[in-house]
2 protein chains.
Amino acid sequence: MQKLPHLHNENTLELLRTKPEDEVFANVSATFGLISDATRLEILWLLCHTEECVMNIAAAVDMSSPAVSHHLRILKGAGLIISRKEGKEVYYTLADTDEAALVHKIVDAVFDMNCNLN
Amino acid sequence: MQKLPHLHNENTLELLRTKPEDEVFANVSATFGLISDATRLEILWLLCHTEECVMNIAAAVDMSSPAVSHHLRILKGAGLIISRKEGKEVYYTLADTDEAALVHKIVDAVFDMNCNLN
DNA sequence: ATAACAATTAAACGATTGCTTAATTGTTGA
DNA sequence: TCAACAATTAAGCAATCGTTTAATTGTTAT
């Protein structure tokens with residue numbers, strides 16, 4: 001990307017030189033994709049505040065355990081949550097990482113904006 | 001949601017009483033959905049920093065104008081960007097609202113975390 | 001051993017999403 | 001008036017996504 005069809009804004013040309021790589025946009029959008037589904041967001045919200053087993057998570061979000069398992073897999077694959085096995089159960093909670101903390105903060109901020117007590 | 005299959009965590013029951021309505025999760029996840037697509041995120045990133053016409057945006061993100069028009073429609077529908085018509089061209093830029101400012105801030109934060117100068 | 005239960009995996013599906021091509025609207029300048 | 005151009009809209013399509021049902025793995029208690 002070097003040539004623009006029109007040139008009404010000097011600012012834009014300079015800006016394009018600082019534009020991040022496509023890969024960065026892909027990574028960042030993938031992070032937002034993790035919380036772009038209402039069910040997954042609800043699960044993550046829960047795990048930001050407690051540690052729970054799959055059955056309880058499923059009951060809390062009113063969804064089947066395979067469905068919940070699927071979402072947990074995605075969140076875990078992204079490193080946002082961790083799991084711990086104890087007996088028959090697997091307990092999930094938010095990962096203790098900078099990325100997870102940032103996502104938590106971001107989620108809270110948007111909940112706040114949607115003006116709910118939170 | 002009142003009954004949990006198991007009860008290993010007192011915390012959870014109390015937490016569930018403070019859980020936001022389903023509608024809130026839907027709204028918040030929809031906001032993240034806006035920036036969960038790499039192309040749309042790239043367009044929004046541009047419009048956070050400049051004002052441009054459709055053709056220039058299309059050139060900058062290397063995509064057809066119908067495709068860009070489609071994304072602009074979604075972002076505008078959500079109130080994140082505004083448009084201004086001048087002659088044959090329509091110029092888009094970030095909306096001057098609290099919500100748009102928050103999204104901008106959030107996007108910047110995640111770009112930072114992906115450790116790119118930004 | 002086996003029965004009960006928690007969790008995951010797999011296959012199938014319906015719905016949504018993002019892009020393409022083609023047609024349409026609206027504006028400017030010849 | 002007409003030709004060129006910017007933008008939007010519409011229809012169609014492939015790919016992705018989220019859920020369901022069914023089967024499977026693994027653990028505990030009888």
Side-chain angles (χ1 to χ4, degrees), chain A residues 3-9 12 22 25-26 29-44 46-47 51-78 81-93, chain B residues 3-9 12 22 25-26 29-44 46-47 51-78 81-93:
Chain A
K3 287 257 169 292
L4 290 177
H6 305 293
L7 185 45
H8 4 68
N9 197 335
T12 305
D22 285 359
F25 285 108
S29 62
T31 296
F32 291 121
L34 295 170
I35 46 180
S36 69
D37 175 76
T39 301
R40 204 152 53 228
L41 178 65
E42 194 174 349
I43 292 173
L44 187 67
L46 272 170
L47 300 182
E51 184 196 49
E52 271 299 349
C53 67
V54 177
M55 293 224 68
N56 275 2
I57 299 170
V61 305
D62 192 29
M63 195 133 280
S64 72
S65 43
V68 169
S69 216
H70 170 245
H71 288 303
L72 290 170
R73 193 173 188 281
I74 291 171
L75 292 171
K76 192 180 175 188
I81 61 174
I82 55 174
S83 66
R84 168 177 74 82
K85 189 165 191 177
E86 187 179 319
K88 277 186 282 194
E89 277 130 47
V90 177
Y91 295 89
Y92 286 88
T93 194
Chain B
K3 288 257 169 295
L4 289 177
H6 305 292
L7 185 46
H8 3 68
N9 197 335
T12 306
D22 284 1
F25 284 109
S29 62
T31 296
F32 291 121
L34 294 170
I35 46 179
S36 69
D37 175 75
T39 301
R40 206 153 51 229
L41 178 65
E42 194 175 350
I43 292 173
L44 187 67
L46 273 169
L47 301 182
E51 185 196 50
E52 271 299 349
C53 67
V54 177
M55 292 225 67
N56 275 3
I57 299 170
V61 306
D62 192 29
M63 196 131 284
S64 72
S65 42
V68 168
S69 215
H70 168 246
H71 289 302
L72 290 170
R73 193 173 188 280
I74 292 172
L75 292 171
K76 192 181 173 187
I81 61 173
I82 54 174
S83 66
R84 168 177 73 84
K85 189 164 190 177
E86 188 178 319
K88 279 186 283 195
E89 275 130 47
V90 177
Y91 295 88
Y92 286 89
T93 194

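No hydrogens, no waters, no symmetry mates; every other heavy atom, side chains included, goes into these values. In the text below, chain A, chain B and the rest are named by the order of the sequence lines, each starting its count at 1.
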Next item on the list: Find the distance D37(B):CG to dT16(D):P and express it as a whole number of Å.
Entry: 13 Å

Checklist line | Y92(A) vs dT8(C): side-chain N/O to OP1/OP2 distance below 4.0 Å | finding: yes

Next item on the list: Quick one: label Y91(B) by what it contacts on the DNA or RNA (base, sugar-phosphate, nothing), any heavy atom closer than 4.0 Å.
Entry: nothing

Next item on the list: Ignoring backbone atoms, test whether H6(B) places a side-chain nitrogen or oxygen under 4.0 Å from the OP1 or OP2 oxygen of dA6(C).
Entry: yes

Item checked: S29(A) vs D37(B) side-chain heavy atoms within contact, under 4.5 Å -> no

Next item on the list: Would you indicate whether the side-chain heavy atoms of N56(A) and T12(B) approach each other to under 4.5 Å?
Entry: no

Notebook entry, point to check: The side chain of A67(B) lies closest to which of these nucleotides: dT20(C), dG18(C), dA22(D)?
Noted result: dT20(C)

Check: Which heavy-atom pair separates N9(A) from E51(B) by the least distance, and what is that distance?
Finding: ND2-O, 2.9 Å

Margin query: Looking at E86(B) and R84(B), is any side-chain nitrogen of the basic one under 4.0 Å from a carboxylate oxygen of the acidic one?
Written below: yes

Note to self: Counting only side-chain heavy atoms from C-beta out, which of dA7(D), dG26(D), dT21(D) sits nearest to K88(A)?
What the structure shows: dG26(D)

Next item on the list: Nearest whole angstrom, please: distance from the P of dT8(C) to the NE2 of H70(A).
Entry: 13 Å

Next item on the list: Consider the side chain of I74(A), meaning its heavy atoms from C-beta on, and name the nucleotide among dG18(C), dG18(D), dA7(D) that approaches it most closely.
Entry: dG18(D)

Check: To the nearest Å, how far apart are M55(B) CE and dA4(D) C1'?
Finding: 13 Å

Next item on the list: Compare all side-chain heavy atoms of I81(B) with those of T93(B) and state whether any distance is below 4.5 angstrom.
Entry: no

Next item on the list: Among dG18(D), dG18(C), dT19(D), find the nucleotide with the atom closest to the side chain of H71(B).
Entry: dG18(C)

Check: If each of P5(B) and R73(A) is mapped to the nucleotide of DNA chain C with the nearest heavy atom, which maps nearer the 5' terminus, i.e. the 5' end?
Finding: P5(B)

Item checked: Interatomic distance where CD1 belongs to I35(A) and P belongs to dC17(D) [whole Å] -> 16 Å

Next item on the list: Rounded off to whole Å, could you give me the CD1-to-P distance for the I43(B) and dC19(C) pair?
Entry: 8 Å

Notebook entry, point to check: E86(A) has an atom CD; how far is it from atom P of dT28(D), in whole Å?
Noted result: 10 Å

Next item on the list: Just compare dA7(C), dT8(D), dG18(D) and give me whichever is closest to any side-chain atom of C53(A).
Entry: dA7(C)

Item checked: Pairwise 5' ranking along DNA chain D for S65(B) and G33(A), keeping only the more 5' one -> S65(B)

Notebook entry, point to check: Does a nitrogen or oxygen in the side chain of S64(A) sit under 4.0 Å from OP1 or OP2 of dT20(D)?
Noted result: yes

Margin query: Side chain of S69(B) only, heavy atoms from C-beta on: which candidate in dT19(D), dG18(C), dT8(D) is closest?
Written below: dT8(D)

Checklist line | Gap between atoms CZ and C1', on F32(A) and dT17(C) respectively (whole Å) | finding: 19 Å

Margin query: I want to verify a distance call: between dA6(C), dG26(C), dC19(C), whose nearest atom is closest to the K85(B) side chain?
Written below: dG26(C)

Next item on the list: Output the single nucleotide from dT8(D), dC19(C), dT20(D) whose closest atom is nearest the side chain of P66(A).
Entry: dT20(D)

Notebook entry, point to check: Do you see a donor-acceptor pair shorter than 3.5 Å between the side chains of E89(B) and H8(A)?
Noted result: yes

Checklist line | Short side-chain N/O contact to dT19(D) OP1/OP2 from T39(A), under 4.0 Å | finding: yes

Note to self: Measure CD1/I81(B) against P/dT8(D) and give the value in whole Å, please.
What the structure shows: 9 Å

